[in-house]
Amino acid sequence: MLRKKIAILGSTGSIGKQTLEVVRQFPEEFSVVALAAGSQVELLAEQVREWKPQYVAIGDSRLEDALRNALAGMDVTVFSGTQGLVELATLPEADIVVSAVVGAVGIEPTMAAVRAGKRIALANKETLVAAGSIIMPALAKHRAELIPVDSEHSAIFQCLEGRKSGDVARIILTASGGPFRNYRPEQLEEVSVADALKHPNWNMGGKITIDSATMFNKGLEIIEAHWLFGMAYERIAVVIHPESIVHSMVELADGSVIAQLGLCDMKLPIQLALTYPERRGSTFPKLDVTMGMQLHFQPVNHRLFPAVELAYQAGMIGGSLPAAINAANEVAVAAFLQGRIKFTRIIGIVSEIFGYHQKESFSKTPDLHEILAVDAWARERARVLLA
Ligand code: MG
């Protein structure tokens, strides 16, 4: 069997590393043709020595020389910067592009992979949030394929398999609620970076862990689901499910609810995105409900988590607004992680940019160029708010 060649954008992050673990399980089926990272030169070089890809890229172009030095004597082509990520996303040799960089930096390479007609295993939710209106029509045009890796969207994708869209009443996204789900809103004023980084179920990168604590992550996922599944916002619901075992649900017209269950392990959705429509056995740990377990569900407290309503509103207004609030959130989360602002200020900044953007720079039908310009505008505006 000819092995499928995979390009991994974001190979040193949490999803990238787990993708390599999946590939390690199926050496007959997959090989790694390209690896790209943002700034972790040492780990990237180590990965290149092990996986021997033909191509490698470093997102921060100032680190290109350091990467070249680390790879001296190896037969590998080195790229850098956003253009380097775009090169890797469009390699003629690559069958599958895993888009797992964090943040809006994923927009251009993911769009390039779509235009190149690739199968894209999409873990970068910010791309659909900011540019879903451009990505989705381009998919059909270029015969590209987008398979979600986000656990909720992978669950919905599986629950929807083989169903007529008219039979689907609602999508129900589950949310763990993060470390603060039982707090009173006033208590959020005092939480530390360490508190916010303690996710009860998932072990993820810093940015998404903070997004889970504010539930802005669920907001991004609402918008992501809207684009991926062509679902009106009124038909996307959210429920808190502290155990993170039910990864999401689909309610059908007759009231039947279909759920997908599994361990809190991203390797399962990653594997499915690589092997789909096939299923493969693996040695990864599996959920065994026969051992007994308790599952809980509770409604979202919108006073505690205003980010969810904010995302619904941004999604419904649409245009360039989701790109603006996503960029503002990225800047605010980085400032929080650096200890520069309080936890509650993150969504405060997002909310202020929401308002400013509508007054100052909103576009109803932005093209890719405008979306990138709005992203830059919102970052600058958020930095001014921080100063
Ligand atoms: Mg998720």
Side-chain angles (χ1 to χ4, degrees), residues 10 13-19 22 98-104 106 110 120-130 132 146-160 171-181 196-229 231 233 236-250 259-273 276 287 295 297 300 305 307-308 310-312 315 322 325-326 329-330 333:
S14 173
I15 297 290
K17 286 191 269 190
Q18 293 181 80
T19 302
V22 172
V98 177
S99 176
V101 298
V102 177
T110 305
I120 300 147
L122 184 71
N124 172 275
K125 63 190 78 185
E126 292 88 348
T127 290
L128 275 182
V129 168
L146 205 57
I147 314 282
V149 167
D150 208 345
S151 62
E152 294 80 356
H153 304 77
S154 177
I156 294 160
F157 181 75
Q158 294 174 68
C159 293
L160 288 175
I171 281 173
I172 304 166
L173 294 168
T174 54
S176 71
F180 308 136
R181 69 167 180 274
L197 283 174
K198 264 181 231 136
H199 196 278
N201 306 332
W202 295 94
N203 185 5
M204 308 177 288
K207 197 262 177 179
I208 189 172
T209 304
I210 301 303
D211 284 350
S212 295
T214 61
M215 280 193 78
F216 192 79
N217 180 56
K218 209 51 54 182
L220 295 176
E221 290 181 357
I222 290 164
I223 301 172
E224 188 186 6
H226 165 77
W227 289 115
L228 268 176
F229 306 113
M231 190 67 59
Y233 285 100
I236 303 172
V238 176
V239 67
I240 302 273
H241 167 48
E243 291 86 4
S244 299
I245 292 292
V246 174
H247 293 310
S248 277
M249 296 172 263
V250 167
Q260 187 263 339
L261 285 69
L263 293 179
C264 299
D265 182 348
M266 290 306 293
K267 292 193 287 298
L268 178 56
I270 292 167
Q271 180 182 317
L272 183 67
Y276 184 82
L287 177 68
L295 301 177
F297 299 92
V300 178
F305 297 118
V308 177
L310 210 56
Y312 270 116
I325 65 162
N326 174 64
N329 179 64
E330 284 187 33
V333 168

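By convention here, the first residue in the shown sequence is residue 1. In each ligand, atom 1 is the first atom listed, and ligand 1 is the first ligand listed. Worth saying up front: this structure is predicted, and the values here are computed from it rather than measured.
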Take F305 and F216 through the ring pair (Phe, Tyr, Trp, His ring centres under 6.0 Å) test and state the conclusion after the steps.
CA-CA 8 Å; F305 297 118; F216 192 79; over 10 Å; no
Specify which N/O/S atom of D150 comes nearest to the Mg ion (ligand 1), by atom name.
OD1
Could you pull out the closest heavy-atom pair between P179 and A196, with the gap in Å?
CG-O, 4.0 Å
Would you please classify the geometry between the F229 ring and the H153 ring as parallel, tilted or perpendicular, with 30° and 60° separating the classes?
parallel
Could you tell me the separation between the NZ atom of K218 and the OG atom of S176, rounded to the nearest 0.5 Å?
7.0 Å
Provide the atom name of the closest N, O or S atom of E152 relative to the Mg ion (ligand 1).
OE1
Closest E221 atom to the Mg ion (ligand 1) [N, O or S only]
OE2
